[in-house]
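Before anything else, here's the structure in question.
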Protein chains: 2
Amino acid sequence: MKVLAGGGAAVSGPVLRKLQGFGRLEEADTAALALVEAGTRLVPAGTDLIREGDRPEGMIAVTEGFACRYKLRENGARQIMAYLVPGDVCDLDNGALNRMDHTVGTLSTCRVARIMPETARELRQHPALARGLRKAALIDEATLREWLMNIGRRSAVERLAHLFCELLVRLRAVGLTSGNSYELPITQLDLADTTGMTSVHVNRSLGELKREGLIERKSKRLTLCDPARLAEVAEFRPDYLHREEPFSA
Amino acid sequence: MKVLAGGGAAVSGPVLRKLQGFGRLEEADTAALALVEAGTRLVPAGTDLIREGDRPEGMIAVTEGFACRYKLRENGARQIMAYLVPGDVCDLDNGALNRMDHTVGTLSTCRVARIMPETARELRQHPALARGLRKAALIDEATLREWLMNIGRRSAVERLAHLFCELLVRLRAVGLTSGNSYELPITQLDLADTTGMTSVHVNRSLGELKREGLIERKSKRLTLCDPARLAEVAEFRPDYLHREEPFSA
DNA sequence: CGTCACTTTGAATAAAATCAAGAGTCGTGG
DNA sequence: CCACGACTCTTGATTTTATTCAAAGTGACG
């Protein structure tokens with residue numbers, strides 16, 4: 001339960017960067033966001049930020065690391081429903097719904113801003129921010145559908161390939177890629193719980209992708225050696241992410 | 001491409017009934033809804049109502065039959081992402097997003113209301129309706145997450161059991177159950193594309209549920225012979241549907 | 001009464017889970 | 001600096017689950 005004061009200059013906040021990708025922001029908008037991103041805390045891996053059954057309020061923004069939405073079965077099996085990567089905001093103003101149907105927790109060490117309900121309301125006063133947050137939420141929902149397709153109708157190798165392509169697009173949008181590689185600070189077990197497989201099977205499927213020369217992984221950095229071919233394998237069409245940049249660099 | 005004029009008295013519209021389940025409606029609200037439900041058309045099974053890539057606008061309401069959201073792979077594989085049962089409304093006012101990322105189509109013959117953008121805007125003028133629609137949308141999203149859990153982390157038999165439990169709750173909310181049975185006007189192939197399996201495997205799994213005495217199916221009517229035990233098998237917790245009625249009748 | 005779509009069944013195959021053990025990694029504390 | 005312990009990753013052998021392929025059987029409906 002490390003809790004460090006969020007010091008240092010907010011490094012051109014990823015949330016800001018992401019929302020700017022949806023449309024021009026005014027000075028006042030960026031100022032409000034900067035304020036939010038200044039108030040972050042470092043959270044260790046494996047920490048729940050809000051739990052199933054809790055009453056949701058405010059928002060949670062991730063500025064570093066990977067967090068996720070997940071549910072557990074009684075036997076301990078976990079299904080991850082979404083990744084929250086830097087720039088992603090989890091809007092807990094669910095208005096009508098007063099209970100979380102899932103848990104949000106960190107997969108890696110994360111830098112996180114917990115946004116109080118009043119602050120969240122203030123943010124939504126800014127039309128451009130409100131629009132951006134709404135668009136982000138709609139994209140999250142489209143992503144959820146894509147994940148359902150992924151698990152329901154793609155093979156193990158395809159599932160991983162698709163996930164890696166998606167992450168390249170999402171992380172590039174917040175400037176966290178270098179070429180076709182990015183930090184993927186999660187374990188194979190996490191990947192398994194994301195794609196509905198076993199960690200053993202993930203391991204073998206990763207091996208296959210490596211053998212095919214499609215990816216490389218050293219330490220926690222993932223490189224897509226041939227994004228075009230990887231996208232083809234996964235049948236990846238990035239439209240649902242609503243980013244105008246072309247897929248492969 | 002049968003298109004019949006939507007005659008006859010709107011039979012206490014399922015949309016109305018569903019939204020009433022979320023909170024009291026004023027006279028004016030119900031009147032507006034009644035108007036909508038009067039303008040329905042009969043649509044044959046297998047008809048796309050709006051396609052992936054189309055520009056979404058207005059709303060689509062289903063008052064009879066089963067429709068669904070789905071996507072296709074290049075090889076023809078289909079993944080169904082959601083069911084639209086009577087009372088369900090598909091809000092296409094996606095504001096920011098200007099392309100459908102999936103298709104909405106009928107699984108059975110359906111009675112459907114296509115709601116023009118202006119009409120949709122009028123409906124949203126009514127605060128109670130707007131709230132109801134918003135709540136419905138949030139529940140749809142929670143349902144999507146539950147489906148991801150279903151496909152990712154449950155066995156074939158469990159997936160079907162879970163789906164059948166969910167449908168009992170949803171259809172009961174609009175008065176379309178009698179006891180623990182309801183019309184399920186879809187094929188085993190549809191069930192397969194819903195649960196990420198093969199129709200052959202669905203057939204065998206259904207057989208297992210029957211043999212266990214958990215369900216019965218004559219013609220298109222499904223009966224949950226022992227809802228409590230079925231829910232236990234599926235680990236079904238109806239919280240995400242936000243209906244206060246207890247699960248088993 | 002024939003057709004077409006759907007359901008059911010069997011046999012062979014493929015994909016993924018399970019079980020188990022060993023090797024690598026990393027942070028911690030002596 | 002090294003050793004320890006806790007994860008994580010890797011690999012093999014085996015079993016289970018699900019798909020594929022194929023062929024009847026059933027039923028609704030014109």
Side-chain angles (χ1 to χ4, degrees), chain A residues 1-2 42 44-47 65-66 73 75-80 105-109 150-161 163 183-211 215-222 233, chain B residues 2 44-47 65-66 73 75-80 106-109 150-161 183-211 215-222 233:
Chain A
M1 265 300 182
K2 261 178 295 184
L42 216 47
T47 309
F66 272 47
R73 286 195 60 172
N75 65 9
R78 176 178 63 158
Q79 179 62 47
I80 292 176
T106 57
L107 292 172
S108 70
T109 301
N150 209 28
I151 294 189
R153 284 294 178 240
R154 275 191 265 258
S155 71
V157 166
E158 291 167 344
R159 286 179 212 183
L160 290 170
L163 179 62
E183 289 298 318
L184 186 64
I186 66 179
T187 68
Q188 294 183 3
L189 216 210
D190 297 329
L191 287 174
D193 291 345
T194 302
T195 51
M197 326 195 264
T198 304
S199 67
V200 172
H201 198 46
V202 165
N203 183 276
R204 294 187 172 131
S205 303
L206 285 177
E208 205 170 319
L209 285 171
K210 274 179 212 154
R211 237 173 298 119
I215 65 168
E216 242 171 63
R217 205 174 184 214
K218 43 180 70 106
S219 156
K220 287 298 181 193
R221 175 157 283 262
L222 179 77
V233 164
Chain B
K2 260 177 295 183
T47 308
F66 272 46
R73 286 193 61 172
N75 65 11
R78 175 178 63 159
Q79 179 62 48
I80 292 176
T106 56
L107 291 173
S108 69
T109 302
N150 210 28
I151 293 190
R153 284 294 178 239
R154 276 190 264 259
S155 71
V157 167
E158 291 167 345
R159 287 180 211 181
L160 290 170
E183 289 298 318
L184 185 66
I186 65 180
T187 68
Q188 293 184 4
L189 216 210
D190 296 329
L191 286 174
D193 291 345
T194 302
T195 51
M197 324 195 267
T198 306
S199 67
V200 172
H201 198 44
V202 164
N203 183 276
R204 293 185 174 135
S205 303
L206 285 177
E208 205 170 319
L209 285 171
K210 275 180 212 156
R211 235 174 299 120
I215 66 168
E216 241 170 63
R217 205 175 183 214
K218 44 180 70 107
S219 156
K220 287 299 182 192
R221 174 157 283 261
L222 180 77
V233 164

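Chain identifiers are assigned alphabetically (A, B, ...) following the order of the sequence lines, protein sequences preceding nucleic acid strands; residue numbering begins at 1 within each chain. Only heavy atoms go into these numbers, but all of them, side chains included; no hydrogens, no water, no symmetry mates.
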If you only use heavy atoms from C-beta on, which nucleotide in D/dA18, C/dT8, D/dT8 is closest to the side chain of A/T187?
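Nearest listed nucleotide: D/dT8.
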So which one's nearest nucleotide on DNA chain D is more toward 5', A/V200 or B/G196?
A/V200
Any side-chain to backbone donor/acceptor pair from A/S108 onto A/F66? Under 3.5 Å, distance only.
yes
Euclidean distance, atom CZ of residue A/R204 to atom C1' of C/dC19 [Å, nearest integer]
11 Å
Expected output: side-chain A/T198 to main-chain A/V200 donor-acceptor under 3.5 Å
no
Main-chain N/O of B/K210 paired with B/E216 side-chain donor or acceptor, under 3.5 Å:
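No: the side chain of B/E216 does not pair with the backbone of B/K210.
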Counting any heavy atom closer than 4.0 Å, what does B/T198 reach on the DNA or RNA strands: base, sugar-phosphate only, or nothing?
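Contact class for B/T198: base.
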Rounded to the nearest Å, what distance is computed from the NE2 atom of residue A/H201 to the P atom of nucleotide D/dT16?
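Rounding to the nearest Å, NE2 of A/H201 and P of D/dT16 are 18 Å apart.
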Measure CG/B/L189 against C1'/C/dT7 and give the value in whole Å, please.
11 Å
Whole Å only: how far is the CZ atom of A/R217 from the P atom of C/dG24?
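Checked: the CZ to P distance equals 18 Å.
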Among B/N203, B/L191, B/I151, B/V202, side chain to side chain contact (heavy atoms under 4.5 Å, CB included) partner for B/M197:
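With B/M197 as partner, B/N203, B/L191, B/I151, B/V202 yield a single side chain to side chain contact (heavy atoms under 4.5 Å, CB included), made by B/V202.
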If you compare every side-chain N and O of B/N203 against the phosphate oxygens of C/dT7 (OP1, OP2), does one of them come in below 4.0 Å?
no
Do the side-chain N or O atoms of A/Q188 get closer than 4.0 angstrom to the phosphate oxygens (OP1, OP2) of D/dC7?
no
Taking atom C1' of C/dC6 as reference, at what distance in whole Å does atom NZ of B/K218 sit?
19 Å
Write down the distance between CE (B/M197) and P (D/dT16), rounded to a whole number of angstrom.
20 Å
B/I186 has an atom CD1; how far is it from atom P of C/dT7, in whole Å?
10 Å
Tell me: CG of A/L160 to P of C/dA16, nearest whole Å?
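My rounded result for the distance is 10 Å.
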Does a nitrogen or oxygen in the side chain of A/K220 sit under 4.0 Å from OP1 or OP2 of D/dC9?
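Indeed, a polar side-chain atom of A/K220 lies that close.
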Taking B/N150 for the side chain and B/R159 for the main chain, is one N or O donor matched with an acceptor at less than 3.5 Å?
yes
